[in-house]
Amino acid sequence: MMDIQHYLAPTSLEQALDCLAGGDVTILAGGTDVMPQSQAGKLKFKRTLMNIRRIPELIGVAPQGGDLCIGALTTITELLDNALVQRHLPVLADACNHFASDQIRNAATLGGNICNASPAGDTLIPLLVLDARVELASKSRGKLHWRSLPLAEFFTGPGKTRRAPDELLVGVRIPLPGPGRAAWFHKFGTRPALDISTISIGIAGTLRQGALFDVRVAFGAVAPTVVRAPLTERALEGKRLDPDVIAKVAQTARDEVKPIDDVRATAWYRKELIHNMTKRMLDHVAHA
Ligand SMILES: Cc1cc2nc3c(=O)[nH]c(=O)nc-3n(C[C@H](O)[C@H](O)[C@H](O)COP(=O)(O)OP(=O)(O)OC[C@H]3O[C@@H](n4cnc5c(N)ncnc54)[C@H](O)[C@@H]3O)c2cc1C
């Protein structure tokens, strides 16, 4: 706290972007990552602390074209309660239902979860399999600039993203799933929601005649960032979900991930979890 010289709470996107253009700014949304990280000495506050909670442009969930746009300030509780999310993106609501406690859910934002870039971030897995894009805004020489990129390209390492220091994450844009499209999420932790994921898995596809098409698979907590799993996706694509196929896909998943040992689990245990949970999820899909 000692290093903060200015505290700002802009009430418009333009004000916030002007502030960011000035440089040396720490962005604060719900603070559920920023505050513990600063207390643990992992985050050093910059000269300006900018609270973004009063910026209306970052609030709301609305359909636009064929997409659902979700503002960066949307909290986990709001995602859980939102009728559009429940109807069109139930896999995202499901992940929110495995996220921390009510107190944290009420403060934690979707934008904070994305920008914190944890390999175990729980909303990131459903967002990856839903083909989400991040929407970033900045301002230079008096002009607003917008940029959109696939979430799959946003993360570069633990806590690291392609967001430039003068950019604000405005929200995410997710294509509304077409008929027959379904997605599933599984989080494994020692306690169901209160724990950080030991591993997490997302699967999406269009179910036709016992097979999944246009498959997406994503894994959490098995690499420096959340990851898509192209080999597992290929093993699953268009194949009838019989026991042999499911066994092969689960093996491919185990071979594809490259986790590390850490305080929550060994690499070996994580690989076994990926194998067993992928198999369990696909057994469930096959009998859906
Ligand atoms: C007890 C506890 C339990 C938790 N459990 C879980 C869990 O189960 N699953 C899980 O995934 N996470 C969990 N977390 C982590 C945390 O709650 C989430 O990552 C949360 O979504 C962060 O959102 P926030 O609004 O609080 O972010 P903040 O702490 O305000 O910010 C996080 C980071 O994002 C940046 N940032 C925030 N918004 C923007 C924006 N719009 N544009 C650019 N940068 C931005 C900040 O500068 C900071 O670097 C837990 C945390 C705690 C303390």
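In listed order, ligands and their atoms are each counted from 1.
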If you count the atoms of ligand 1 from 1 in the order shown, which ones are under 4.0 Å from a heavy atom of [X]?
{"X": "Thr32", "result": "16 (C), 17 (O), 18 (C), 20 (C), 22 (C), 23 (O), 24 (P), 26 (O), 29 (O), 51 (C), 53 (C)"}
{"X": "Gly121", "result": "11 (O)"}
{"X": "Ala72", "result": "41 (N)"}
{"X": "Cys115", "result": "34 (O), 35 (C), 36 (N), 42 (N), 43 (C), 44 (N), 45 (C)"}
{"X": "Ala29", "result": "25 (O), 30 (O), 37 (C), 38 (N)"}
{"X": "Lys187", "result": "8 (O)"}
{"X": "Ile27", "result": "39 (C), 43 (C), 44 (N), 45 (C), 46 (C), 47 (O)"}
{"X": "Ile104", "result": "1 (C), 2 (C), 17 (O), 52 (C), 53 (C)"}

Check [X] against [Y] and note the closest heavy-atom contact, atom names and distance.
{"X": "Arg181", "Y": "Phe213", "result": "NH1-O, 3.3 Å"}
{"X": "Thr198", "Y": "Ala221", "result": "O-CB, 3.3 Å"}
{"X": "Ala117", "Y": "Thr161", "result": "CB-CG2, 3.7 Å"}

Taking NZ, NE, NH1 and NH2 as the nitrogens, is one of them in Lys279 or Asp283 under 4.0 Å from a carboxylate oxygen of the other?
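Salt bridge flag = yes for Asp283 with Lys279.
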Give a yes or no on whether a salt bridge exists between Arg162 and Glu153, defined as a side-chain N under 4.0 angstrom from a carboxylate O.
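Here Arg162 does not pair with Glu153 in a salt bridge, since their nearest N and O are not under 4.0 Å apart.
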CZ (Arg147) with more than 12 external heavy atoms under 6.0 Å
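Yes - once you tally the heavy atoms of other residues, nucleotides and ligands closer than 6.0 Å, there are more than 12.
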Report yes if some N/O of [X] lies less than 3.5 Å from some N/O of ligand 1; otherwise report no.
{"X": "Gly31", "result": "yes"}
{"X": "Gly30", "result": "yes"}
{"X": "Thr26", "result": "no"}
{"X": "Ala108", "result": "no"}
{"X": "Asp122", "result": "yes"}
{"X": "Ile52", "result": "no"}

Can Ile104 and Ile76 be said to form a side chain to side chain contact (heavy atoms under 4.5 Å, CB included), step by step?
CA-CA 8 Å; Ile104 297 290; Ile76 302 304; over 6 Å; no
Side chains of Thr77 and Asn106: donor-acceptor distance under 3.5 Å anywhere?
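Note: Thr77 and Asn106 side chains meet the donor-acceptor criterion.
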Less than 3.5 Å apart, any donor N or O on the side chain of Ser148 or Glu135 sitting next to an acceptor on the other?
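Side-chain D/A pair, Ser148 to Glu135: present.
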Lys44 vs Asp3 side-chain heavy atoms within contact, under 4.5 Å
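Answer yes - side chains close enough.
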Proximity of Arg163 to ligand 1 by residue part, where a heavy atom lies under 4.0 Å:
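The side chain, only.
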Given Val25, Asn116, Leu49, identify the one with the heavy atom nearest to atom 33 (C) of ligand 1.
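Answer by nearest heavy atom: Asn116.
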